[in-house]
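Structure, as structure tokens:
All chains are named by letter (A, B, ...) in the order of the sequence lines, taking the proteins before the strands, and each is independently numbered beginning at 1. Below, each value reflects all heavy atoms present in this structure, side chains not excepted, and no hydrogens, waters or symmetry copies.
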Number of protein chains: 2
Amino acid sequence: MQRQKRTTIYDIALKLNLAASSVSRALSNSNKVNAATKALVLKTAAEMNYQHNAMASNLRKGNNPTIGVVVPRINQNFFSNIIAGIEEVTYKKGYNLIICQSNELHAREVDCVNALVNQHVSCIIISIAAETGPYEHLQQVLDHQIRLIQFDRVVEELDTFKVINNNEKASYEAVTHLIEQGYRRIALLEGPQQLDIFRHRKEGYLAALRKHNIPVLEELMCENAWTKELGAEATAQLLGLENPPDAIFASTSDFSALGVLEVATNKGIQIPKDLGICGYSNEPFTELTSPSITTIDQYSISMGKTIANLYFQEMEGLEFNVEPKIVSIKPKVIVRKSTQRIPGVNTTA
Amino acid sequence: MQRQKRTTIYDIALKLNLAASSVSRALSNSNKVNAATKALVLKTAAEMNYQHNAMASNLRKGNNPTIGVVVPRINQNFFSNIIAGIEEVTYKKGYNLIICQSNELHAREVDCVNALVNQHVSCIIISIAAETGPYEHLQQVLDHQIRLIQFDRVVEELDTFKVINNNEKASYEAVTHLIEQGYRRIALLEGPQQLDIFRHRKEGYLAALRKHNIPVLEELMCENAWTKELGAEATAQLLGLENPPDAIFASTSDFSALGVLEVATNKGIQIPKDLGICGYSNEPFTELTSPSITTIDQYSISMGKTIANLYFQEMEGLEFNVEPKIVSIKPKVIVRKSTQRIPGVNTTA
DNA sequence: AAAAACAGGGCAATCGATTGCAAAACAAAA
DNA sequence: TTTTGTTTTGCAATCGATTGCCCTGTTTTT
């Protein structure tokens with residue numbers, strides 16, 4: 001494969017009998033070059049089909065206006081919204097976005113992070129995989145003076161910028177809403193407890209129960225029910241109890257809640273009358289099920305923007321050793337039919 | 001901001017009293033360097049926290065193992081699945097993925113493409129924006145010897161590799177299914193006709209009607225009904241006709257079909273008995289509505305893989321001027337309740 | 001008219017890794 | 001011991017753009 005050489009500033013310089021430095025200055029619109037020359041260079045560059053070589057430029061300038069993003073799955077509503085939000089901001093700043101997915105695997109996450117460090121990106125934005133492991137790779141990022149922002153699922157011990165949802169608070173409010181609707185035996189579907197977000201959601205659940213003097217029952221808490229299938233399984237089990245729950249809070253995801261809904265519906269259980277269901281994430285489909293599912297919106301697109309802005313406002317070009325900020329976003333409970341037993345009463349917006 | 005210098009191969013060379021070239025060879029596992037030295041270099045590199053500089057390397061080697069992807073919207077199910085599929089393949093090949101979204105705007109698409117050309121990416125994968133315009137920017141890509149793969153929404157005139165869905169065929173089959181179910185006055189919700197995909201879908205619709213000797217009625221074809229809102233509007237209008245349709249094929253998207261469903265349901269129309277509804281894309285929610293919506297699956301994740309494989313199998317490292325291939329994928333009609341009037345009869349799978 | 005300020009442009013080093021070629025070191029063959 | 005062959009290593013150019021410094025005219029100031 002013999003690709004013909006691209007036009008470089010030297011080619012332009014040669015043609016115009018100029019020095020490459022002048023061409024470079026003309027192209028970067030420096031004021032150290034005559035307006036006429038500038039125009040000539042620009043014109044010639046266009047004619048010769050010149051394209052700026054970002055690799056060479058970045059190498060010389062020692063910085064790469066690129067941000068790397070590592071998420072568990074690109075095609076998950078929450079994450080693709082986050083990415084869209086980030087892109088919206090980085091695009092305006094002329095930054096590129098390199099995207100990787102860990103597929104929830106720790107080894108792959110490490111791989112992705114290393115590739116990004118090799119690229120000398122300016123910043124790495126990450127939400128860690130469910131399969132956690134040592135976090136040396138993240139420490140490495142910092143050691144290499146690359147900015148690091150963790151979001152949603154974070155390694156708490158690691159002292160970095162973070163953008164998180166106040167999962168505990170959201171969870172607390174969701175459960176409070178259930179209680180206000182008269183539910184008393186509220187089951188919890190938990191996610192993998194090695195992830196902080198799921199621990200926090202559980203804490204919110206427990207806090208709400210305690211606050212209202214409702215006993216916490218071990219039998220009503222199901223570990224690792226974070227897919228539709230696992231949610232369905234857990235539900236089948238819960239509904240088979242001698243004293244089944246009157247509400248299920250699928251704190252893991254709306255998919256899990258969907259599993260709950262299907263099993264319950266198949267059993268002929270009336271929702272919300274006999275069983276309340278609350279999910280998490282405000283996936284688009286929650287509005288469309290029958291009944292529609294109460295859930296928690298995480299403002300994912302705007303969260304993505306917040307993350308990117310954090311970089312540009314607090315980190316770009318500034319000292320490396322500033323005190324990391326932690327931004328906490330309060331998610332919002334979206335009340336829908338799956339939990340509305342008492343028509344008039346609504347939870348706090 | 002004074003960031004301390006990163007370790008380079010020169011630093012390692014200095015420390016070990018070697019030449020940089022040897023260090024480079026050791027790190028790239030060349031067989032032109034002694035095993036002992038190799039081990040020593042590797043060890044020292046690790047100790048000194050060395051990280052390979054991809055920018056310098058790519059510059060020297062004159063290639064950038066990176067693929068750029070431009071899509072209208074990152075957070076649209078179809079596209080995020082495509083991206084996930086592409087990533088799956090490129091990750092294994094050690095390629096990076098730069099993602100941009102055009103937001104359906106032509107100017108922004110041009111911007112994104114230019115940025116990718118500047119980066120000297122190896123390949124650009126694109127699905128064009130709804131707001132079309134001149135396609136010089138794509139011609140430019142080819143002029144710069146960068147591989148170009150168009151997918152889904154393509155500029156037909158442009159002679160490049162393409163991965164497309166056989167929209168006409170899919171559409172034909174969907175309408176045929178409607179006819180088999182006894183629907184006779186089938187309305188069509190069209191998308192922007194400057195996009196080839198929507199033209200093809202319309203052709204499939206027309207072909208199916210003709211094939212079954214069903215008259216084509218202008219009043220049953222609605223232009224530009226490709227969002228939920230527009231779909232709803234169009235439906236309201238259609239159902240107000242003296243002779244309303246008995247089925248609506250929302251060839252634009254499932255969102256549009258959702259609009260149809262809502263309006264029809266609100267009017268108390270029985271689905272599928274009095275009105276059949278068919279969407280396009282197999283969005284996850286189509287399974288969840290009541291009734292569930294018949295739609296067309298585009299195998300998006302596997303399509304993403306196909307696209308990436310096309311690059312690696314047909315283009316990477318090969319001659320630039322090979323005859324572009326066009327891969328056509330046949331989407332599949334997913335029959336659900338919104339069109340099943342006759343329980344037994346099913347369409348071809 | 002001499003001095004100072006400034007505009008415009010060129011020279012050459014630099015960013016960090018790679019690689020063709022040459023040199024050195026060592027082993028094997030004559 | 002000399003010659004030939006094979007490893008191993010070093011030298012220096014290269015990829016393409018940027019930038020500090022210097023040089024040459026021209027304009028402004030005194």
Side-chain angles (χ1 to χ4, degrees), chain A residues 2-42 44-45 48-66 117-122 144-145, chain B residues 2-42 44-45 48-66 117-122 144-145:
Chain A
Q2 43 170 351
R3 45 174 63 195
Q4 68 194 52
K5 265 191 46 177
R6 289 162 165 279
T7 311
T8 71
I9 53 170
Y10 294 95
D11 302 325
I12 300 177
L14 210 62
K15 181 152 186 178
L16 296 180
N17 206 22
L18 275 172
S21 47
S22 296
V23 175
S24 171
R25 291 194 178 99
L27 291 170
S28 64
N29 201 17
S30 149
N31 60 352
K32 294 197 69 181
V33 62
N34 186 292
T37 332
K38 203 180 284 184
L40 183 61
V41 169
L42 254 47
T44 315
M48 297 178 75
N49 204 16
Y50 169 80
Q51 275 282 352
H52 183 256
N53 186 324
M55 286 188 301
S57 171
N58 294 343
L59 172 60
R60 173 61 226 251
K61 294 205 276 195
N63 85 315
N64 184 355
T66 297
V117 172
N118 281 180
Q119 289 288 328
H120 286 42
V121 296
S122 302
H144 281 285
Q145 309 269 58
Chain B
Q2 42 170 357
R3 43 176 62 196
Q4 69 194 53
K5 263 190 47 174
R6 290 160 164 280
T7 312
T8 71
I9 53 171
Y10 294 96
D11 301 325
I12 300 177
L14 210 62
K15 181 154 187 177
L16 296 180
N17 205 20
L18 274 172
S21 47
S22 296
V23 175
S24 171
R25 292 197 179 97
L27 290 170
S28 63
N29 200 20
S30 152
N31 60 350
K32 297 194 69 179
V33 64
N34 187 292
T37 334
K38 203 181 282 185
L40 183 61
V41 169
L42 255 47
T44 315
M48 296 177 76
N49 202 16
Y50 170 80
Q51 273 284 352
H52 182 255
N53 185 325
M55 286 189 302
S57 172
N58 294 343
L59 173 60
R60 171 62 226 249
K61 294 206 277 195
N63 86 315
N64 184 355
T66 299
V117 172
N118 281 182
Q119 290 289 326
H120 285 43
V121 295
S122 302
H144 283 284
Q145 309 269 59

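A sub-4.0 Å separation between OP1 or OP2 of dA17(D) and a side-chain N or O of H120(B) is absent. Considering only side-chain N and O atoms, Y50(B) lies under 4.0 angstrom from the phosphate OP1 or OP2 of dA17(C). Taking only side-chain nitrogens and oxygens, T37(A) comes nearer than 4.0 Å to OP1 or OP2 of dG9(C). Distances shown here put a side-chain N or O of N34(A) below 4.0 Å from the OP1 or OP2 atom of dG8(C).
At distances below 3.5 Å, not a single donor-acceptor pair connects side-chain atoms of N58(B) with backbone N or O atoms of M55(B). With hydrogens and angles ignored, the 3.5 Å screen pairs a side-chain donor or acceptor of T7(B) with a backbone N or O of M48(B). At distances below 3.5 Å, not a single donor-acceptor pair connects side-chain atoms of S22(B) with backbone N or O atoms of L18(B). At distances below 3.5 Å, at least one donor-acceptor pair connects side-chain atoms of T44(A) with backbone N or O atoms of L40(A). Judged by distance alone, with hydrogens and angles left aside, the side-chain atoms of S28(B) form a donor-acceptor pair with the main-chain N or O of S24(B) at under 3.5 Å.
In this entry the distance linking CD1 of I9(B) with P of dG10(D) reads 12 Å, nearest Å. Put simply, CG on N118(B) is 11 Å from P on dT18(D), counting in whole angstrom units. Summarising the geometry, the separation between NZ on K61(A) and P on dT19(D) is reported as 6 Å, rounded to the nearest angstrom. If you take CG of L18(B) and P of dT9(D), they are 7 Å apart, rounded to a whole angstrom. N29(B) has its CG atom 12 Å from the P atom of dT18(C), to the nearest Å. For the pair L59(A) CG and dT14(D) P, the computed distance is 17 Å after rounding to whole Å. In this structure, the CG atom of N31(A) is 11 Å from the C1' atom of dG8(C), given to the nearest Å. Look at CG on N17(B): it is 16 Å from P on dA24(C), rounded to the nearest Å.
Sequence order on DNA chain D of the closest nucleotides to K32(A) and Y10(A) puts Y10(A) first from the 5' end. Both A35(B) and A20(A) lie near DNA chain D, and the one whose nearest nucleotide falls closer to the 5' end is A35(B). Checking R25(B) against A56(B), the closest nucleotide of DNA chain C that is more toward the 5' end is the one next to A56(B).
Among the atoms of the strands shown, none is found under 4.0 Å from any heavy atom of N64(B). The residue S24(B) sits close to a base: some heavy atom pair falls under 4.0 Å. Residue contacts for L27(A): at a heavy-atom cut-off of 4.0 Å it reaches no nucleic acid atom on any strand shown.
Judged by atom type and distance alone, R60(B) does not reach the base of dG20(C) through any side-chain donor-acceptor pair under 3.5 Å. No hydrogens or angles were tested; on distance alone, a donor-acceptor pair under 3.5 Å links the side chain of S21(B) to the base of dC11(D).
Distance from the side chain of A19(A) is smallest for dC11(C) among the nucleotides dA17(D), dT9(D), dC11(C).
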Inset, instruction - Would you please test R6(B) and Q145(A) for side chain to side chain contact (heavy atoms under 4.5 Å, CB included) and show each step? - result: CA-CA 9 Å; R6(B) 290 160 164 280; Q145(A) 309 269 58; over 6 Å; no
